[in-house]
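First up is the structure itself, then whatever we jot down about it.
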Amino acid sequence: MSTTQPGRRRRLDASVAPVYERPTRGPRFASPRTARAFEWLTVVGWLVGFVGSLSSVVATPVSIPEWVWRSSAALLLVAFSMMLTHRVGGHMRLWVPLAVLVAAGAIITERGLLLVAAAGLTAVLSALVAVMLTLPAPTVGASLREYGISLLLAVSGTVGVAAWNAPANVPVYSGLVLASAVALGVATMWSLGAGLHGLSRQHLWILVGVAVVAVLLFVYGGIVRLYGSPGLKEALDDSIIWMRQNIGGVPRPFEVLIGFPAIIVGTSLRSRYREGWWVCVFAVLGTAVITTSLIDPGAYPSYFAFSTLYSAALGIPIGLLLRRIILSPRSARAARAVAPPSRVEPGRFSPLK
């Protein structure tokens, strides 16, 4: 129902609150107190694992034993598995024990393959959790809040990967993590976004446009590395060296133009349409790029920190500009005719399906 006043925009009936469009699983615990304890246990486990893993890349006043690093990374891995499984309504008794098994096997045996598997699982899960734990953002302030939360979760996964100190082949590892994160993101968000058949023409063109830009960035980067003129390559190398020496880091184009703005646009679009989850698939790409940044033991944490900071700062105005363009009504007549739709989702620590 709607109410109309002369000369005013038609408003939806405020007495009818928006309802989440998907059925969700029932409570995992009969007691609300037990459910809250589970949530706090997960958050505390994530925080302890984050702080312990951070000591592997940041100098501390006191000497911390190396066994603390991998133990903290294992705690992060288990916490991320609990968060993601609970959020997507999965089987906690199946997936969390598997994560515990991988983490325990890597710590006990210290075999290279298990360490790489644990680091890869940490990177994939943290990249997904960084997006799945966001909420719809109806305002600019809310979108910036979700932006910060998402990046914080992704960075925590990055230091967890570094704490494993796994002997990985960096190009192969990064490619597998990106592919796995995107595949799991698409599988998860297919139902949350009502599948491709649920996309309107406008939202379909948005996805096509973002996908084209992403492909062009990858293709252009490869062409420049393989077939670029010596002068162009030298100019790019000189600019990167100058930024590293003078500002400590280099913004990453894919994060600035695709991954980070997708967090702002995706969460904002979800406040009106469930198709916003499809934009969040590109946000998973951005967070996965973060989580793979410190897998190389020779990577400089300070360089990663400054590069991520600059990329995040540059991604904000681009995301807010795209948010304004996409959420603005197509015409003044459309703006006067009907109020924007509103949509709700379960809380941050509640299942989405």
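Scanning both residues, Leu327 and Arg272, for their nearest heavy atoms gives O-NH1, 2.9 Å. Closest approach of Tyr173 to Ala119, counting heavy atoms only: OH-O, 3.0 Å. Taking all atoms of both residues into account, the shortest heavy-atom contact from Ser53 to Ala73 is OG-N, 3.4 Å. Residues Ser174 and Thr292 come closest through the heavy atom pair OG-CB, 4.1 Å. Scanning all heavy atoms of the two residues, the minimum distance from Pro251 to Val256 falls at CB-CG2, 4.2 Å. In terms of heavy atoms, Ser150 sits closest to Ile263 at OG-CD1, 3.6 Å.
Of the possible donor and acceptor atoms, one in the side chain of Ser293 sits under 3.5 Å from a partner among the backbone N and O of Val289. A donor-acceptor contact shorter than 3.5 Å links the side chain of His86 to the backbone of Phe349. Panel note: side chain Ser268, backbone Ile264; a donor-acceptor pair is recorded below 3.5 Å. Listed for the Thr158 side chain is a donor-acceptor partner under 3.5 Å among the backbone atoms of Ile290. The backbone N or O of Gly52 sits less than 3.5 Å from a side-chain atom of Ser55, completing a donor-acceptor pair. A distance-only check finds no donor-acceptor pair linking the side chain of Ser180 to the backbone of Val177 [under 3.5 Å]. A donor-acceptor pair is defined here as one N or O able to donate and one able to accept, closer than 3.5 Å; such a pair exists between the side chain of Tyr147 and the backbone of Ala312. Using modelled atom types, one side-chain atom of Thr291 and one backbone atom of Ala288 make a donor-acceptor pair closer than 3.5 Å.
Interatomic distance, Leu309 CG to Phe304 CZ, rounded to the nearest 0.5 Å: 10.5 Å. Separating the CG atom in Leu184 from the CE atom in Met189 is a distance of 10.0 Å, to the nearest 0.5 Å. The distance from atom OG1 of Thr287 to atom CG of Leu178, rounded to the nearest 0.5 Å, is 9.5 Å. Note that the CG atom of Leu125 and the CG atom of Leu153 stand 12.5 Å from one another [nearest 0.5 Å]. Leu144 contributes atom CG, which lies 11.5 Å from atom CD1 of Ile149 (distance to the nearest 0.5 angstrom). To the nearest 0.5 angstrom, Ser311 atom OG is 9.5 Å from Leu257 atom CG.
Here the side chains of Trp278 and Val186 are in contact, with some heavy-atom distance below 4.5 Å. Within the 4.5 Å cutoff, side-chain heavy atoms of Phe50 are placed close to those of Val159. Here the side chains of Val51 and Ser72 are not in contact, with every heavy-atom distance at 4.5 Å or above. Side-chain contact between Val88 and Thr188 is present, with at least one heavy-atom pair separated by less than 4.5 Å. When side chains are defined from C-beta on, Val58 does not count as touching Pro301, because their heavy atoms never get closer than 4.5 Å. Side-chain contact between Arg323 and Val140: present, with at least one pair of heavy atoms (C-beta onward) separated by less than 4.5 Å. For the pair Glu345 and Leu352, the minimum side-chain heavy-atom distance is below 4.5 Å.
Both Trp69 and Trp67 belong to a common hydrophobic cluster when Ile, Leu, Val, Met, Phe, Trp and Tyr are linked at side-chain heavy-atom distances under 4.5 angstrom. Linking ILVMFWY side-chain heavy atoms closer than 4.5 Å, directly or via other members, places Trp277 and Ile326 in a single hydrophobic cluster. When hydrophobic clusters are built by joining Ile, Leu, Val, Met, Phe, Trp and Tyr residues whose side-chain heavy atoms come closer than 4.5 Å, directly or via intermediates, Val182 is grouped together with Val124. Taking hydrophobic clusters as Ile, Leu, Val, Met, Phe, Trp and Tyr residues chained together by side-chain heavy-atom distances below 4.5 Å, Trp95 does not share a cluster with Val78. Clustering ILVMFWY residues whenever any of their side-chain heavy atoms sit less than 4.5 angstrom apart, transitively, puts Phe80 in a cluster other than the one holding Val48.
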Please determine whether side chain to side chain contact (heavy atoms under 4.5 Å, CB included) holds for the pair His91 and Val96, giving the CA-CA distance in whole Å, both sets of side-chain angles, and the decisive distance to 0.1 Å. CA-CA 8 Å; His91 297 285; Val96 174; over 6 Å; no
Applying side-chain hydrogen bond (donor to acceptor under 3.5 Å, both in side chains), run through Trp164 and Thr122 and close with a yes or a no. CA-CA 9 Å; Trp164 282 113; Thr122 302; 3.2 Å; yes
Apply side chain to side chain contact (heavy atoms under 4.5 Å, CB included) to Leu320 and Ser143, showing your working. CA-CA 9 Å; Leu320 293 179; Ser143 65; 4.1 Å; yes
What's the verdict on side chain to side chain contact (heavy atoms under 4.5 Å, CB included) for Leu121 and Leu77, showing C-alpha distance, side-chain angles and the deciding distance? CA-CA 7 Å; Leu121 194 55; Leu77 172 55; 3.7 Å; yes
Given Leu151 and Phe260, is the side chain to side chain contact (heavy atoms under 4.5 Å, CB included) satisfied, shown in steps? CA-CA 9 Å; Leu151 294 186; Phe260 290 175; 3.6 Å; yes
Step by step, would you call Arg343 with Ser271 a side-chain hydrogen bond (donor to acceptor under 3.5 Å, both in side chains)? CA-CA 5 Å; Arg343 179 176 173 273; Ser271 68; over 6 Å; no
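As a member of the Ile/Leu/Val/Met/Phe/Trp/Tyr network built from side-chain separations under 4.5 Å, Tyr300 groups with Ile240, Trp242, Met243, Ile247, Val250, Tyr303, Phe306, Tyr310.
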For residues 97-114, which side-chain N or O atoms pair as donor and acceptor with protein atoms under 3.5 Å away, sequence neighbours left out?
unit_1, atom_1, unit_2, atom_2, d
Thr109, OG1, Gly105, O, 2.6
Thr109, OG1, Arg111, N, 3.4

Show me, pair by pair, the donor-acceptor contacts under 3.5 angstrom made by side chains of residues 33-47, not counting sequence neighbours?
unit_1, atom_1, unit_2, atom_2, d
Thr42, OG1, Phe38, O, 2.9
Trp46, NE1, Ser156, OG, 3.0

List the atom pairs, with distances to 0.1 Å, where a side-chain N or O of residues 130-138 and a protein N or O form a donor-acceptor pair under 3.5 Å, not counting sequence neighbours.
unit_1, atom_1, unit_2, atom_2, d
Thr134, OG1, Val131, O, 2.5
Thr134, OG1, Arg270, NH1, 2.8

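Evaluation of the salt bridge (charged side-chain N to carboxylate O under 4.0 Å, His left out) rule for Arg252 yields Glu255 as partners, not counting sequence neighbours. With sequence neighbours left out, Arg324 forms a salt bridge (charged side-chain N to carboxylate O under 4.0 Å, His left out) with no residue at all.
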